[in-house]
**Student:** 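Got a structure for you, written out below as structure tokens; questions coming shortly.
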Amino acid sequence: MAEVKAGRAATAALLAQLAADLGASLLDAVSAADMDEAVIVAAGLLPAVDAVRANGFNLLLDIGATDHHPLTPRFEISYHFLALPEDAVAGSIPSSGVVPARFRLRVFPDDRDPVVPSLCGRWPNADWPEREVYDLFGVRFDGHPDLRRILMPDDWEGYPLRKDYPLRGLNRRFNPGGLPGPVPPVVTK
Amino acid sequence: MEMSPQQPFITTKLDEFTKWAQTSAIWPMTMGLACCAIEMMSIVSPRYDTSRFGAEVFRSSPRQSDLMIVSGRVANKMAPILRQLYDQMPDPKWVISMGACASSGGIFDNYAVLPGVDSILPVDVYVPGCPPSPDALIYALMQLRREIAAGGKANVLARG
């Protein structure tokens, strides 16, 4: 818990700046059990990311996605950031003993046409995680330089980690255990 | 085979001779799919030593192999590749399905893994286990040798 408390002090300034910069784009600021987080609209993602970076969060750890179907809004994209001390970035052992702060951004894109801005311009390492989210959830990333499938075969139909996708997939030559019939329509409220 | 004590030659039937050659020099293909491959690799180690049966030469090309050991779960993305490798192997050829995943999909009941490699390939011997011990794989090899000696080539043709 000491680590979480140390991180909270660093994120307080960030939350204040997000409230000032984003205005109505900032939907909620939550102090979750593991780290502070901000819920924002998709259009406010890039300004929010700039503010996150300006506050010392220099590492994009991961990009995650959740399908809350049948709840709505259905898709959630979550970004985890870490504020690594500068001497650690330079490659030496952190001398100050500062616990790196953590922060999370949560975005709920549109149900019917899920699109969020790509972070590849800010963090090149967003490339593959965004492709993975696109591959498995069908969420598109606007501005991604090479948005194509990364895990499933190129000719795969549908997005397997969506809640309305059949567990065994669709019956094809190399997927004989799958559901027979055509691709089921995407269920959206 | 018959050997005459007086004369320095052996008489045999051509079929018998072919089967003897096939059973005595099974060349597996170098191909590991998952954790079962770790157990498969150890069968050529001195402890298990399949060179006793002439099956220690893992070839790196399907064109030089006559045994495919499917050692792990087959992902959908891998299935067309596996089928192509099998088609590239010259006849006669045999397939051992090693472990629960290759034989039935194992614990993976989902969109990404084949429910058994026999849905895309003709399998000769199934080895149960998760993973099977190297002894079990050697036993499968022995079973395969018996199958070949009993007319495995005919089976291959019958299977098309």
Side-chain angles (χ1 to χ4, degrees), chain A residues 62-70 74-75 114 127-140 144 146-188, chain B residues 29 31-37 62 68-89 93 95-130 159-160:
Chain A
D62 199 7
I63 300 176
T66 317
D67 183 3
H68 293 286
H69 179 76
R74 159 172 190 180
F75 297 110
D127 186 340
W128 284 12
E130 287 183 348
R131 278 178 64 188
E132 186 177 352
V133 170
Y134 165 73
D135 191 0
L136 300 175
F137 289 90
V139 176
R140 287 185 295 113
H144 192 286
D146 182 28
L147 193 62
R148 61 194 162 91
R149 292 190 182 273
I150 188 170
L151 293 172
M152 304 309 294
D154 289 336
D155 58 350
W156 193 260
E157 301 159 64
Y159 304 104
L161 287 193
R162 286 190 177 188
K163 287 275 176 67
D164 50 7
Y165 188 87
L167 175 66
R168 292 175 182 167
L170 307 166
N171 189 290
R172 294 293 178 269
R173 176 160 185 242
F174 290 112
N175 190 22
L179 196 74
V183 188
V186 175
V187 183
T188 308
Chain B
M29 187 164 66
M31 184 190 70
L33 288 185
C35 21
C36 275
M68 174 185 268
I69 302 176
V70 184
S71 54
R73 78 285 179 278
V74 185
N76 280 318
K77 200 174 181 177
M78 192 66 187
I81 301 162
L82 209 64
R83 179 69 215 194
Q84 186 176 8
L85 287 171
Y86 177 81
D87 289 339
Q88 286 173 338
M89 290 164 63
K93 52 193 168 187
V95 177
I96 291 180
S97 168
M98 180 183 182
C101 297
S103 302
S104 71
I107 59 169
F108 301 105
D109 183 16
N110 60 31
Y111 62 91
V113 176
L114 281 191
V117 72
D118 52 4
S119 53
I120 57 163
L121 298 178
V123 174
D124 294 278
V125 184
Y126 297 85
V127 194
C130 183
R159 285 197 308 254

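Lettering follows sequence order; numbering is per chain, from 1. As a basis for the values below, the full set of heavy atoms in this structure was taken, side chains included, without hydrogen atoms, waters or symmetry mates. This one's a predicted model, so the numbers in the text were calculated from it and none came from an experiment.
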**Student:** Which one, B:Pro115, B:Ala75, B:Gly105, leads in non-hydrogen pairs under 4.5 Å with chain A?
**Tutor:**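 Answer, by heavy-atom pair count under 4.5 Å with chain A: B:Pro115.
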**Student:** Please report the closest heavy-atom contact between B:Leu114 and A:Phe174, naming both atoms and the distance.
**Tutor:**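 That would be CD2-O, 3.0 Å.
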**Student:** Identify which part of B:Pro80 has an atom lying under 4.5 Å from any heavy atom of chain A, answering side chain, backbone, both or neither.
**Tutor:**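 Both parts, backbone and side chain.
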**Student:** Using a cut-off of 6.0 Å, state whether more than 12 heavy atoms not belonging to A:Arg168 lie near its atom CZ.
**Tutor:**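 12 or below, so no.
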**Student:** Could you tell me if the side chain of A:Leu179 sits less than 4.5 Å from the side chain of B:Tyr111, heavy atoms only?
**Tutor:**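 Sidechains of A:Leu179 and B:Tyr111: no contact.
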**Student:** For A:Met152 and B:Lys77, work out which heavy atoms get closest and say how close.
**Tutor:**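 What the structure gives for the nearest pair is O-NZ, 3.7 Å.
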**Student:** Looking at CG of B:Asn110 and CG of A:Asn175, how far apart are the two atoms once the value is rounded to the nearest 0.5 Å?
**Tutor:**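 One finds 9.0 Å between CG of B:Asn110 and CG of A:Asn175.
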